[in-house]
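What follows is a short report on a single structure.
Whatever order the structure lists ligands and atoms in, that order sets their numbers, starting from 1. We use all heavy atoms of the structure for the numbers below, so side chains are in, but hydrogens, waters and symmetry mates are not.
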Amino acid sequence: MSNATTQSPNTADLTERLTLKAGHCAVAGLQWGDEGKGKIVDLLTRRFDVVTRYNGGANAGHTVVVGDEKFALHLIPSGILYSGKVNVLGNGVVIDPAQLIKEIEGLRGRGIQVDGDNLKISDRAHVVFPYHKTQDVLFDQAVAQAWEAGAALGTTGRGIGPCYADKALRSTAVRVGDLLRPDRIKTQLNRAVAIKNVMLSALAKQCGVEFEPFDADEQIALAKQWGDTLAPHICDATQLLHAQMGGGRQVLFEGANATLLDIDHGTYPFVTSSNCSALGVATGSAVPAQKVTEVIGIAKAYQTRVGGGPMPTELSDATGDRIREVGREFGTTTGRPRRCGWLDLVAVKYSAMVSGATGLALMLFDVLADLDPLNVCVAYQHGDERIEHFPADASVLDQVEPVYESLPGFAGPIDTCTAYDDLPAAARGYVDFIEQFVGVPVRIISVGPRRDQTIIR
Ligand code: GDP
Ligand code: IMO
Ligand code: MG
């Protein structure tokens with residue numbers, strides 16, 4: 001397979017059918033991640049010239065299925081399978097060079113071209129070092145062991161939180177551009193490693209685990225090696241994006257993680273450490289918000305979550321198990337079983353509002369076939385109070401009971417449907433209910449992982 005041949009014959013036709021306003025477009029998850037953003041970004045890439053990640057890091061796992069080939073992308077934008085496109089890792093992304101290099105090599109090994117022309121990395125993005133990953137794991141473990149099991153965030157262990165924390169702290173941070181400046185990196189890493197060793201040895205003691213201090217020289221050598229390998233990709237992505245847009249080229253922004261995991265707008269503290277809603281596009285790529293004219297909000301036809309935190313519609317029963325099995329709901333990044341439950345429309349409506357969704361993509365609809373009835377959450381009951389909005393306080397969300405509306409189920413399979421009218425009447429009723437409740441049209445319906453298993457309305 002090569003970038004030029006990954007285009008399935010019938011998807012050109014498919015994507016042409018989607019009407020998009022002139023301007024740039026963002027794709028953002030509206031739940032707790034894994035909604036199928038990778039599939040939609042891949043599908044839309046045909047219509048764009050540049051695909052840009054603006055947040056998160058290797059905590060993301062975006063799956064693209066082409067024919068019988070499956071690609072799991074963690075850092076590289078999901079536009080990489082097309083030739084002639086520029087893929088950008090924006091300043092808001094935290095980059096684990098070891099993971100990135102592994103991913104580049106993995107794609108090349110499968111015949112996909114990845115070079116300095118089609119993969120660009122912002123010199124302002126921050127670098128994840130091995131000590132960030134150690135800190136990530138130890139910190140969550142220490143919180144759970146020393147204080148309260150329920151307080152653990154259940155992070156992906158990819159060093160995301162510690163790297164963003166260092167970005168905010170500044171003195172211990174390293175940016176991608178620094179990898180190309182050996183003198184500066186030496187000073188920075190000597191300082192950072194000394195501070196990390198003090199902190200990590202105390203954390204390890206707290207957890208009762210062995211800790212081998214990090215060696216500054218080893219980290220410096222690693223940084224040099226990463227800089228040498230990634231040099232052809234590193235650039236001022238702010239200038240690059242503005243030059244591309246100035247030249248009339250269209251940018252597709254690929255959100256990682258999802259709106260309910262957004263550090264400001266999600267179910268804090270059970271969130272990730274970046275602005276993963278579409279609001280993050282501006283700060284994470286230096287592209288002003290008004291340039292983004294379309295936001296496609298990606299939502300599963302049901303709800304899932306990995307890691308800790310409230311999830312009012314979670315099903316700890318046979319229906320939940322069935323959704324997990326049929327939807328193959330196991331993490332792309334960590335392999336953890338995902339928590340599954342009914343669609344939470346209060347949450348999706350909130351996310352669509354925050355991310356400014358101009359259209360919805362309803363994903364994994366095929367998974368709900370043959371379940372009857374289909375419950376959707378339309379409000380929360382909190383003691384005597386009925387709550388119609390998404391609460392800011394995660395502890396309130398943890399105490400609420402979902403108020404369900406039961407909708408008729410539909411018989412499957414629907415994974416061969418290619419037009420809206422091919423769907424059973426009850427399936428169309430489910431879609432209509434969602435768009436009326438959320439107030440945003442469902443413009444894409446996905447009925448299987450492949451590109452061609454997509455209905456454009
Ligand atoms: P992302 O993180 O939002 O890109 O989503 P993930 O890739 O982590 O998880 C979505 C999973 O669902 C992947 O395994 C996809 O291949 C799969 N998928 C996407 N759309 C559909 C669909 O419509 N039906 C089914 N059955 N699977 C889908
Ligand atoms: P994609 O892009 C699902 C969750 C983790 C954890 C919390 C914090 O594939 O949708 P972190 O490692 O980011 O500090 O973990 O956020 N999380 C995700 N869950 N999909 C993701 O990304 C996620 N990224 C982070 O499970 O609960
Ligand atoms: Mg994922």
Side-chain angles (χ1 to χ4, degrees), residues 27-43 53 55-66 69-75 77-78 93-94 96 128 132-133 135-137 139-140 152-165 254-263 266-274 276 297-302 304-311 323 325-339 361-369 412-415 417 444-455:
V27 164
L30 298 184
Q31 293 156 319
W32 283 291
D34 307 322
E35 297 92 347
K37 298 174 290 292
K39 167 173 169 165
I40 297 303
V41 169
D42 166 73
L43 203 64
R53 277 274 304 265
N55 79 295
N59 52 351
H62 295 182
T63 314
V64 178
V65 178
V66 186
E69 281 221 62
K70 188 168 168 172
F71 298 86
L73 300 160
H74 299 282
L75 275 162
S78 302
V93 179
V94 287
D96 174 355
V128 175
H132 287 125
K133 292 187 251 186
Q135 186 180 339
D136 198 3
V137 175
F139 203 84
D140 223 20
L153 301 179
T155 71
T156 58
R158 296 300 180 107
I160 307 299
C163 185
Y164 279 117
E254 174 175 5
N257 330 125
T259 305
L260 299 179
L261 291 171
D262 184 292
I263 183 139
T267 48
Y268 194 88
F270 299 97
V271 292
T272 187
S273 309
S274 69
C276 21
I298 316 290
K300 281 182 185 178
Y302 48 92
T304 63
R305 179 162 205 168
V306 209
M311 178 178 169
I323 292 175
E325 288 311 314
V326 179
R328 298 202 182 91
E329 294 293 357
F330 298 88
T332 313
T333 300
T334 58
R336 290 178 290 178
R338 296 176 184 146
R339 301 155 64 190
L362 185 69
M363 310 300 292
L364 292 109
F365 200 22
D366 51 304
V367 175
L368 292 187
I414 59 162
D415 61 346
C417 294
I444 301 172
I445 299 167
S446 177
V447 293
R450 291 197 321 265
R451 285 172 174 169
D452 56 292
Q453 292 176 304
T454 314
I455 298 170

Which protein heavy atom lies closest to [atom], and at what distance to 0.1 Å?
{"atom": "atom 6 (P) of ligand 1", "result": "G61 O, 3.5 Å"}
{"atom": "atom 4 (O) of ligand 1", "result": "G38 N, 2.9 Å"}
{"atom": "atom 23 (O) of ligand 1", "result": "S446 OG, 2.5 Å"}
{"atom": "atom 11 (C) of ligand 1", "result": "R338 NH1, 4.5 Å"}
{"atom": "atom 17 (C) of ligand 1", "result": "P449 CB, 4.2 Å"}
{"atom": "atom 26 (N) of ligand 1", "result": "D366 OD2, 2.8 Å"}

For ligand 1 and [X], I'd like to know whether there is a polar contact (N/O to N/O, distance under 3.5 Å).
{"X": "G448", "result": "yes"}
{"X": "G36", "result": "yes"}
{"X": "M363", "result": "no"}

Per [atom], closest listed option by heavy atom ([options]):
{"atom": "atom 27 (N) of ligand 1", "options": "L364, I298, D34", "result": "L364"}
{"atom": "atom 1 (P) of ligand 1", "options": "E329, R450, K37, E254", "result": "K37"}
{"atom": "atom 15 (C) of ligand 1", "options": "T63, I40, D42", "result": "T63"}

Distance, nearest 0.5 Å, that separates [atom1] of [X] from [atom2] of [Y]:
{"X": "D366", "Y": "C417", "atom1": "CG", "atom2": "SG", "value": "10.0 Å"}
{"X": "D415", "Y": "L364", "atom1": "CG", "atom2": "CG", "value": "11.5 Å"}
{"X": "L362", "Y": "I298", "atom1": "CG", "atom2": "CD1", "value": "10.0 Å"}
{"X": "H132", "Y": "R158", "atom1": "NE2", "atom2": "CZ", "value": "15.5 Å"}
{"X": "I40", "Y": "I444", "atom1": "CD1", "atom2": "CD1", "value": "4.5 Å"}
{"X": "L153", "Y": "T272", "atom1": "CG", "atom2": "OG1", "value": "9.5 Å"}

inquiry  = Tell me whether atom 13 (C) of ligand 1 lies less than 4.0 Å from at least one protein heavy-atom position.
reply    =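 Yes.
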Show me which atoms of ligand 1 lie under 4.0 Å from any heavy atom of [X].
{"X": "V65", "answer": "16 (O)"}
{"X": "H62", "answer": "1 (P), 2 (O), 4 (O), 7 (O)"}
{"X": "K39", "answer": "20 (N)"}

Is it the case that [X] and [Y] place a side-chain donor and acceptor less than 3.5 Å from each other?
{"X": "N59", "Y": "T155", "value": "no"}
{"X": "K39", "Y": "S78", "value": "no"}
{"X": "N55", "Y": "S274", "value": "yes"}

ask   = Is the closest basic N to carboxylate O distance between D96 and K133 below 4.0 Å?
value =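 Salt bridge between D96 and K133, a charged N being under 4.0 Å from a carboxylate O: yes.
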Pair R305 + E329, salt bridge at N-O below 4.0 Å =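 A salt bridge is absent here (no side-chain N lies under 4.0 Å from a carboxylate O).
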key: Every residue of the protein that comes under 4.0 Å of ligand 2, judged on heavy atoms   =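 Within the 4.0 Å shell of ligand 2, which is judged on heavy atoms, sit W32, G33, D34, K37, N59, A60, G61, H62, L153, G154, T155, T156, A256, N257, L261, V271, T272, V306, G307, R336.
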key: Minimum side-chain heavy-atom gap D262-V271 below 4.5 Å   =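 No - every pair of side-chain heavy atoms lies 4.5 Å or more apart.
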Decide if atom [atom1] of [X] counts as having more than 12 heavy atoms of other residues, nucleotides or ligands within a radius under 6.0 Å.
{"X": "R336", "atom1": "CZ", "result": "yes"}
{"X": "F330", "atom1": "CZ", "result": "yes"}
{"X": "F270", "atom1": "CZ", "result": "yes"}

query = With backbone taken as N, CA, C and O and side chain as the heavy atoms from C-beta onward, which portion of D415 lies under 4.0 Å from ligand 1: side chain, backbone, both, or neither?
reply =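 It is neither; nothing of D415 touches ligand 1.
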Atoms of type N/O/S from protein, distance to the Mg ion (ligand 3) below 2.8 Å =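 Protein N, O or S neighbours of the Mg ion (ligand 3) under 2.8 Å, waters not counted, come to 2.
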request  = Output, in order, the C-alpha distance, side-chain angles, deciding distance and verdict of side-chain contact (heavy atoms from CB on, under 4.5 Å) for D34 and R338.
outcome  = CA-CA 9 Å; D34 307 322; R338 296 176 184 146; 3.0 Å; yes
query = Would W32 and T304 satisfy side-chain contact (heavy atoms from CB on, under 4.5 Å), going step by step from the backbone distance to the final call?
reply = CA-CA 7 Å; W32 283 291; T304 63; over 6 Å; no
task = Could you give me the CA-CA distance, side-chain angles and deciding distance for I414 and F365, then say whether side-chain contact (heavy atoms from CB on, under 4.5 Å) is met?
result = CA-CA 8 Å; I414 59 162; F365 200 22; 4.0 Å; yes
